Amino acid sequence: QVQLVESGGGLVQAGGSLRLSCVGSGRIVSINTVSWYRQAPEKQREVVASITSGGGTTYADSVKGRFTISRDNAKNTVYLQMNSLKSEDTAVYYCNTPRYIRSWGPGTQVTVSS
């Protein structure tokens with residue numbers, strides 16, 4: 001089966017950094033646009049960053065200048081480098097392919113303390 005697995009979340013103080021990883025099977029990451037999403041309790045899931053197969057990137061205004069999405073095709077991995085973290089970044093983070101949404105797994109929890 002084809003899947004995406006997120007990792008790298010954790011507890012960090014405001015102003016700190018984390019790097020999330022999204023590892024795909026079957027070369028999913030290199031072929032498709034991949035997006036990072038997040039969902040806080042009682043909030044709607046939102047997209048925070050996307051990267052196309054050609055390398056184009058987009059960011060939500062709330063994370064622009066702080067987060068960087070990138071990919072390593074050799075590792076079948078998309079990364080989300082998160083700097084200058086704020087308490088409002090606290091959420092479960094997921095990756096997915098927006099055109100062909102796959103089942104949502106457990107994601108990876110990011111908790112920013114202040």
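The shown structure was predicted, so the numbers you read here are calculated from the model rather than taken from an experiment.
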**Study point:** Partner set under salt bridge (Lys or Arg N to Asp or Glu O under 4.0 Å) for Arg66, not counting sequence neighbours
**Key:** Asp89

Revision key, fill the gap. Separation between OG (Ser7) and OH (Tyr93), nearest 0.5 Å, reads 15.0 Å

Exercise for review: Starting at OG of Ser113, measure out to CD of Gln13 and round the result to the nearest 0.5 Å.
Suggested key: 5.0 Å

Check your understanding: Transitively linked via ILVMFWY side-chain contacts under 4.5 Å: Leu4 with Trp36?
Key -> yes

Check your understanding: Any idea which heavy atoms bring Asn73 and Ser30 closest together, and the distance?
Key -> OD1-CB, 3.3 Å

Revision key, fill the gap. Rounding to 0.5 Å, atoms CZ (Arg19) and OG1 (Thr68) come to a distance of 12.0 Å

**Study point:** For Val12, side chain to side chain contact (heavy atoms under 4.5 Å, CB included) partners two or more places apart
**Key:** Leu18, Leu85, Val112

Review point. In chain order, what residues pass the salt bridge (Lys or Arg N to Asp or Glu O under 4.0 Å) check against Glu46, with sequence neighbours excluded?
Key: Arg38

**Study point:** Results of side-chain hydrogen bond (donor to acceptor under 3.5 Å, both in side chains) for Asp72 - residues two or more places apart only
**Key:** none

**Study point:** Euclidean distance, Ser103 OG relative to Gln3 CD, rounded to 0.5 Å
**Key:** 10.5 Å

Point to revise | Joint hydrophobic cluster, Val34 plus Val92, side-chain heavy atoms closer than 4.5 Å | key: no

Exercise for review: Please find out if less than 6.0 Å separates the ring center of Trp104 from that of Tyr37.
Suggested key: yes

Practice item. Indicate yes or no: at least one non-hydrogen side-chain atom of Pro98 is less than 4.5 angstrom from one of Thr33. Key: yes

Practice item. Say whether Ile51 and Tyr59 are linked into one hydrophobic cluster, either directly or through other cluster members, by side-chain heavy-atom distances under 4.5 angstrom. Key: yes

Check your understanding: Would a hydrophobic clustering, with Ile, Leu, Val, Met, Phe, Trp and Tyr connected at side-chain separations under 4.5 Å, put Tyr94 with Ile101?
Key -> yes

Point to revise | Test item: Arg102 and Thr97 side chains (from C-beta on) under 4.5 Å apart, heavy atoms | key: yes

Review point. For Ala40 and Ala91, which heavy atoms make the closest approach, and how far apart are they?
Key: N-CB, 3.9 Å

Check your understanding: Sequence neighbours excluded, which residues qualify as salt bridge (Lys or Arg N to Asp or Glu O under 4.0 Å) partners of Lys64?
Key -> Asp61

Exercise for review: Locate the shortest heavy-atom distance separating Ala49 from Leu80; write the atom from each residue and the value.
Suggested key: CB-CD1, 4.0 Å

Review point. Could you state the interatomic distance from CD (Glu88) to OG (Ser114), rounded to the nearest 0.5 Å?
Key: 9.0 Å

Review point. Would the number of heavy atoms belonging to other residues, nucleotides or ligands and lying under 6.0 Å from CZ of Arg45 be above 12?
Key: yes

Review point. Within a strict 4.5 Å, meaning less than it, do heavy atoms of the Leu20 and Met82 side chains meet?
Key: yes

Review point. How about Gln109 and Thr90: do any of their side-chain heavy atoms sit closer than 4.5 Å?
Key: yes

Review point. In chain order, what residues pass the side-chain hydrogen bond (donor to acceptor under 3.5 Å, both in side chains) check against Thr58, with sequence neighbours excluded?
Key: none

Check your understanding: If we only count heavy atoms from C-beta on, is the Ile69 to Val78 side-chain gap below 4.5 Å?
Key -> yes

